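First comes the structure, then the notes that go with it.
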Amino acid sequence: MEGLGLILLGPPGSGKGTQAELFENRLGLKKISTGDILRDAIRKGTELGKLAKEHINRGELVPDDIVVALVEEALKKTSDGYILDGFPRTIEQAKRLDRILEKLGKKLDAAVLFAVPDEEIIKRLSARRVCPKCHAVYNMVTKPPKRDEICDICGTLLIMRDDDKPETVRRRIEVYRRDTEPLVDFYRDRGLLVEVKAVGDPEEVFNFIIGALKR
Ligand code: AP5
């Protein structure tokens, strides 16, 4: 399983970040999360962050040119396998990813699609808390921190993401259906789509994905 090139595809809150973390820790794949990179830029107040914030807080996508450049930079730094969390999100991004991978001599092994019902997404995101420093993800219902609202890993106060407000979550789901769902056929047509039911304990979901990739 080492050295794999994977894309994680799925609606907001479907568990992509949680699984990307497991894949990085257990299989050594380098996690590249466009959402994390953009949120870091927002926190640092950079030009990129100011621009990204306008889009993210409305539940809209950040322009393709920006995220494609970020991913290209990150992929250049990987020497082995990689896992893309939250990229590509449009057909344009997917086509440009193909060109980047070709240029860098890297391969894509699978696009893993996370299937989760909408009501589960709303439930998960309203209970999600994140660490603004180390990006660890918690859930006040299913994965609470040991100390109330404090990150187990680095001791930082946990926060709720600005785009996890219910009205923004609804918009993110609409944008996912309109712009990102067409990627399902894009990767299915190339024989790269691996669909998993992403409900149940994260450990179980991890094992479903490993099983599906082996098949
Ligand atoms: P991004 O950060 O990528 O957000 P997203 O895709 O909407 O996904 P989320 O991070 O909300 O959820 P997730 O699937 O990672 O779930 P998680 O593991 O956290 O992007 C944010 C914004 O940035 C976008 O809206 C856009 O504006 C911009 N952006 C990013 N990439 C872009 C791109 N390529 N192009 C343009 N714009 C881009 O889990 C959610 C919760 O559920 C957690 O609390 C977790 O603990 C819990 N959980 C996880 N798994 C389970 C399970 N199996 N059972 C129960 N609970 C679970």
Side-chain angles (χ1 to χ4, degrees), residues 7-24 31-42 48-49 51-72 74 83-94 96-97 112-132 135-145 151-152 158-165 168-181 183 196-209:
I7 287 172
L8 302 188
L9 203 60
S14 53
K16 303 180 296 296
T18 302
Q19 294 302 323
E21 190 75 24
L22 290 174
F23 272 80
E24 182 168 67
K31 175 180 91 151
I32 300 173
S33 161
T34 40
D36 283 351
I37 298 171
L38 294 168
R39 280 185 291 277
D40 265 345
I42 294 176
L48 165 67
L51 196 145
K53 189 174 178 175
E54 279 175 39
H55 298 278
I56 291 179
N57 287 358
R58 282 189 281 122
E60 303 291 338
L61 295 183
V62 172
D64 289 339
D65 282 346
I66 293 176
V67 282
V68 169
L70 293 174
V71 169
E72 180 163 12
I83 185 156
L84 291 171
D85 161 22
F87 181 93
R89 265 172 143 100
T90 62
I91 295 280
E92 174 62 20
Q93 290 180 16
R96 289 169 68 175
L97 174 64
V112 181
L113 173 65
F114 287 51
V116 179
D118 283 1
E119 57 280 11
E120 172 73 11
I121 290 173
I122 309 273
K123 230 179 359 183
R124 284 185 188 179
L125 293 186
S126 56
R128 172 164 63 184
R129 297 293 180 277
V130 294
C131 174
H135 306 304
V137 177
Y138 298 86
N139 190 287
M140 298 316 280
V141 179
T142 57
K143 192 193 168 202
C151 179
D152 292 346
L158 301 178
I159 55 165
M160 186 167 184
R161 272 173 43 178
D162 285 338
D163 61 344
D164 279 348
K165 294 189 195 100
T168 315
V169 169
R170 276 192 290 276
R171 180 67 193 144
R172 285 163 61 201
I173 294 173
E174 282 166 16
V175 170
Y176 172 78
R177 303 267 179 252
R178 185 192 68 196
D179 294 338
T180 308
E181 229 165 38
L183 291 176
V196 290
K197 227 171 84 185
V199 285
D201 187 71
E203 282 293 329
E204 242 178 285
V205 176
F206 178 78
N207 289 326
F208 288 156
I209 299 174

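Order of listing sets the numbers, starting from 1, for every ligand and every atom in it. In this chain, residues are counted from 1 in sequence order. What you are looking at is a predicted structure, and each value in this text was computed from that prediction instead of being measured.
Closest to atom 46 (O) of ligand 1 among all protein heavy atoms lies Asn139 CB, 3.5 Å. When hydrogens are left out, the protein atom nearest atom 18 (O) of ligand 1 is Thr18 OG1, 2.5 Å; that is the closest non-hydrogen contact. Counting only heavy atoms of the protein, atom 37 (N) of ligand 1 lies nearest to Val62 N, 3.0 Å. Regarding atom 43 (C) of ligand 1, its nearest protein heavy-atom neighbour is Val137 CG1, 3.6 Å. Looking only at heavy atoms of the protein, atom 8 (O) of ligand 1 is closest to Lys16 NZ, 3.2 Å. From the protein, the heavy atom lying nearest to atom 12 (O) of ligand 1 is Gly13 N, 2.9 Å.
The shell of residues lying under 4.0 angstrom from ligand 1, judged by heavy atoms, includes Ser14. Ligand 1 is never approached by Gly10 to a heavy-atom distance shorter than 4.0 Å. Proximity of Arg39 to ligand 1 is established by a heavy-atom distance of less than 4.0 Å.
Contact annotation: for Leu38 versus ligand 1, heavy atoms closer than 4.0 Å belong to the side chain alone. Of the heavy atoms in Gln19, none comes closer than 4.0 Å to ligand 1. Heavy atoms from both the backbone and the side chain of Leu61 come within less than 4.0 Å of ligand 1. By the criterion of a heavy-atom distance under 4.0 Å, the side chain of Val67, and not its backbone, is placed next to ligand 1. Under 4.0 Å from ligand 1, heavy atoms of Ile56 appear from its side chain as well as its backbone. Residue Tyr138 touches ligand 1 through its backbone alone, judged by heavy-atom distances below 4.0 Å.
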Salt bridge (charged side-chain N to carboxylate O under 4.0 Å, His left out) evaluation trace for Glu174 with Arg170: CA-CA 6 Å; Glu174 282 166 16; Arg170 276 192 290 276; over 6 Å; no
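Between Asp118 and Arg177 the shortest side-chain heavy-atom distance falls below 4.5 Å. Side-chain contact between Leu70 and Leu38 is present, with heavy atoms from C-beta onward closer than 4.5 Å. Side chains of Val112 and Val196 form a contact here, defined as non-hydrogen atoms less than 4.5 Å apart.
In this structure a side-chain-to-backbone donor-acceptor pair under 3.5 Å is present from Lys143 to Val137. Side-chain N or O atoms of Ser14 include none that pairs as donor or acceptor with a backbone N or O of Val116 at under 3.5 Å.
A salt bridge does not link Glu119 with Lys123: none of the charged nitrogens is closer than 4.0 Å to a carboxylate oxygen. Comment: Asp64 does not engage Arg96 in a salt bridge, judged by the lack of any side-chain N to carboxylate O separation of less than 4.0 angstrom.
Among Lys143, Glu120, Arg124, the residue whose heavy atom lies nearest to atom 57 (C) of ligand 1 is Arg124. Between Arg172, Arg89, Glu203, it is Arg89 that holds the heavy atom closest to atom 3 (O) of ligand 1. When His55, Arg161, Glu60 are checked for heavy-atom proximity to atom 26 (C) of ligand 1, Glu60 turns out nearest.
Paired with Arg128 under the rule side-chain hydrogen bond (donor to acceptor under 3.5 Å, both in side chains), one option of Asp164, Thr142, Thr18 passes, and it is Asp164.
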